[in-house]
Structures are given as C-alpha cells and as structure tokens.
Amino acid sequence: MNSPLPIFPSHRFPEDFVWGVATSAFQIEGAAAADGRGESIWDRFCRQPGAIADGSNGDIACDHYHRLDADLDLIAGLQVDAYRFSVSWPRVQPDGQGAFNEAGLAFYERLVDGLLARGIRPYLTLNHWDLPQALQDQGGWASRDTVHRFVAYARQVVARLGDRVATITTHNEPWVMAVLGHEAGIFAPGIRHRGTAMQVAHHLLLSHGLALQALRADGCRAPLGIVLNLSPIGPATDSPEDRAAARLEDGRSVRWYMDPLFLGRYPDDVWQHLGGDVPQVHDGDMAAIATPMDFLGVNYYTRGVVSASGAWRAEDSGKPLTDMGWEIVPEGLTELLLRLHRDWRLPALYVKENGAAFRDTLEHTADGPRVHDGQRTAYIASHIAAVGDAMAQGVPMAGYMVWSLLDNFEWASGYAKRFGIVHVDYASGTRTPKDSYLWYRDFMQLQRARRTARALAAEALTAN
Ligand code: IFM
C-alpha cells in the first residue's frame, strides 16, 4: 500500500544525540565456512529438524561478509551518526579459546575502518548470541569456565579494535540467551531447564562485569556497557492473581538484570520463587556484576501483558500488531524509559534496537523497485516520538538505533520475518532501500540541518 509517509516527530533532540542503525553478525554475515570461521551454536541449532520455522540457516544470510563495502555505502547513504554491529566470536576465535583467526579479525578491522572512512561511528557488540560450538560442547554459558573464555576473547577483540570504536557492548539481551536458549529451548542451544537458564544468566552478567574490569585494566578508553531487552510489564486485569503474575514477570525479565547491574543484588521475590533453581553465586560475583558502566542500552519492541492463567493473547487486545504478532505500543517505550530513570541510577541511556517486522512487497515501478512500508515507517516515527516524550519528562537520552539495516535471519523465524529498512532479495542478494530507509534518511538530514543551524546561531552569538 502506497500511503503517505508519517511526518517527522517535532521533538528537539540534543546536538550530541546519536542516531543509528543496527545489525548482528549471525543474522547478516553468512560466509559460514569462509576464512577459517568456526561453528557457532546457531549453526548447530539450525540443523535440528523443526528448530527454524522455514528450515533455513545462517550459511549465506545477507552475504554481508562478501558485500561489506556496498553495505557500508548503504549505511553512509542514511547519514546516520552510528552503526551498531556485532563480532562473531567463532569467526575471530573458532574454538572459543586458544588461537585467534587473523582473517576474522581483519574482516572487522575493514568494517570499522570502512565506517570511520565514511564518517560513521562504530558501536561494537561482543556477544550477540553466536557462542562457539566448541565451548557449548564443554557446557557453554552454564559452565563458569565460559565466563573466563569470554573475558579473554573480549580483551583480544578490544586490543585490535578498541581504539577506533565509539562504544563496546559486552552482551546483547542476556534474558534471550538465558531464557529462550536454556529454559524455553526455542533458541540455541535448545536446552529446557530453568535452573540451567538462571545459571546462564548469572554467568552472562558475571562475564560482563569481569570483562569491564579487564578491559579498563588494559587501558581501554571506549565507553563500556550492556544491552538489555526490556518492556513495561503489566497485568491483563486488575485481579490480585494477574497483578502478582505481572510483578513476578517484571522480576524475571527486568529486575533480574537491572538490580544486579545497578544495585549488586538479585531481587528477593524472584530468588524465593525460583527455589532450587537459583544460580550458584561465588563470593565477589555480585560486586563484579555491579562494576560501574558507561552506558545502558535498551532494546524495545512491545509491552508485556501477563495473566495468571496464561490466557492473555495480543490478538485480542485491540492494538495493531506487527508480523511477529507483537502489539504496537509506542507509549510503552516512554513508560519504560521513565521507569528505568526513576528506579535505578543510570549511566548514559540509549535505545539500541527498535523496529518492526511487516509483510513487505517489492514493487517494480517506473522509478525502479520500491517497497512502500508505511507501517514500518509509522512504527519508527512513533517510537522516536516516544523517546522524545520521555526526554520531555526528564529522562536524559544518549541515542536511538533502528533495528535493522537489512532484512535478515530472524532466528527461529528464519527469513520469513523482515525487519529491515533495506529489502534483501535472498536469491540474488539485491538490496532495495524501502520507504522507511528514505524517511529515516530525510529525518537524519533534518537533524543535521538543525545541528548546523544551532552551531551557526551559537557562532553568531559569540561573534557579537
Ligand atoms: O532480531 C532480533 C535481534 O537479534 C535481537 N533483538 C530483537 C530482534 C528482533 O526480534
């Protein structure tokens, strides 16, 4: 449908507010066997029958590994300030320990240098889920040894890239790795055991804190932090049962991560609820996890609604849904940011992912191929406005990034769900910027024009 694109949010964003776009290694790179890359847990998981909705895998994905320069040009064309990407651990250290792979490290050096040459700040993530399979064979994140392997990997990557990147994120969405990967079993490595999931969550947090300490001791000057997937969680009804269930879910998905990171302790109510499934915590772990961070990244897609019976369904809520079946609730982002600001003492706060999957149609028009993705554009515009609303209510924000640059491998959903602002034809690899890309580019131009106008006004003031 070719509906008019939404107008730009009228909020004023500060001059140093960082606008960006994000991807992750496994979802776009492909080149699974190229140049000495090792196997990841997602390579293995994709081969389990039924694990991925369309039976696909990451072997080729968007073939970004072989199309790096063209993709960097697409990012530059957007005129964003920043690009958030992740390093594939098995590409740079195939076994997760021991020797590093020079070709893998060289790829990320080309990526970082290519961004800098185009005037774009690189935002590096060390772990966006693709653990080397060799480490999984020794217990994966459930094993405390992986914590130390991650710190060693982080030090090596940062030794090579740390002087040129704008920020470094340790982990992306530990809740997803722990709970979807080890309790629900619907993501790699496909384990279904709550106690294991909670141990994994603890090890991810611990490795984050220890990595921060080690990187700073090594002299790393880039800001360091973590990225969490968070939502405001509310009850389906006002009944005491639903309210208790929502409070517990808030504990498991929000406070279980925020409290240790910012208060150095796990929330009591969740600890009691877990009974025998609580993680083993050694002396000193909680202090390490609470090592001060330079920034917190938040990924927001939708709100959470909980009923004690489990009967609540997004389809019945009356809200519009994305192709993932997720409700579109931009005001939930404002609510979340206000709550984070109220309940914890935060460092610089970013939205590091926000976007939506919709069923796009590639149309062949007289002007060439087009994707009229008005719903995605409206989603992005309304969520940028929601960030602006939070700022107007006193929440200092450092930046916002769209998920995702390209249509890509959406984990257990395979390639059927398209989040990109650039359409990817997987058969040919052809990229087509969608209307949302053009809208975001024009919005970036407006932000840049405002910055220039403000700088000129300041200059004129000083001159007088
Ligand atoms: O595609 C994912 C991404 O890898 C992590 N955050 C959520 C996105 C959409 O599901």
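Since the model is a prediction, treat every value here as computed from it, not as a measurement. Only this structure's heavy atoms are used, side chains among them; waters, hydrogens and symmetry mates stay out. Each ligand, and each atom within it, is numbered from 1 in the order the structure gives.
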Can you list the atoms of ligand 1 that are under 4.0 Å from a heavy atom of [X]?
{"X": "H128", "result": "3 (C), 4 (O), 5 (C)"}
{"X": "W326", "result": "10 (O)"}
{"X": "F419", "result": "9 (C), 10 (O)"}
{"X": "E173", "result": "5 (C), 6 (N), 7 (C)"}
{"X": "W411", "result": "1 (O), 2 (C), 3 (C), 4 (O)"}
{"X": "W129", "result": "4 (O), 5 (C)"}

### Task
Check each of H423, R376, R418 against D360 using the side-chain hydrogen bond (donor to acceptor under 3.5 Å, both in side chains) test, and report the only one that passes.
R376

Tell me which protein heavy atom sits closest to [atom], plus the residue, atom name and distance to 0.1 Å.
{"atom": "atom 10 (O) of ligand 1", "result": "E410 OE2, 2.6 Å"}
{"atom": "atom 8 (C) of ligand 1", "result": "Y301 OH, 3.4 Å"}
{"atom": "atom 5 (C) of ligand 1", "result": "E353 OE1, 3.2 Å"}

### Query
Do you know which two heavy atoms are closest between Y437 and I421, and how far apart they sit?
CB-O, 3.1 Å

#### Entry: Stepwise side-chain contact (heavy atoms from CB on, under 4.5 Å) check, W344 with L263
CA-CA 8 Å; W344 293 277; L263 304 173; 3.9 Å; yes

Using distance alone, decide if ligand 1 has a nitrogen or oxygen within less than 3.5 Å of any nitrogen or oxygen in [X].
{"X": "S24", "answer": "no"}
{"X": "Q27", "answer": "yes"}
{"X": "W403", "answer": "yes"}
{"X": "N408", "answer": "no"}

### Query
Can you name the residues that form a side-chain contact (heavy atoms from CB on, under 4.5 Å) with L338, not counting sequence neighbours?
T334, Q393, V395

### Message
With rounding to the nearest 0.5 angstrom, report the CE to CG distance, M293 to L261.
### Response
4.0 Å

### Query
Nearest 0.5 Å, what's the CG-CG distance between D43 and D130?
8.5 Å

### Message
Can you tell me if M324 contacts ligand 1 (heavy atom of the residue under 4.0 Å from the ligand)?
### Response
no

### Query
Should F26 be listed as contacting ligand 1, given a heavy-atom distance under 4.0 Å as the test?
no

## Note on the structure
Partner of R303 under salt bridge (charged side-chain N to carboxylate O under 4.0 Å, His left out), picked from E249, E335, E327, E331, is E327

#### Entry: side-chain hydrogen bond (donor to acceptor under 3.5 Å, both in side chains) partners for D137, two or more places apart
Q133

### Task
Determine the sole option in F85, Y350, Y83, F295 for which the ring-ring contact (aromatic ring centres under 6.0 Å, His included) test with Y123 is passed.
Y350

#### Entry: From CA spacing to verdict: ring pair (Phe, Tyr, Trp, His ring centres under 6.0 Å), W129, F187
CA-CA 10 Å; W129 311 353; F187 276 17; 5.6 Å; yes

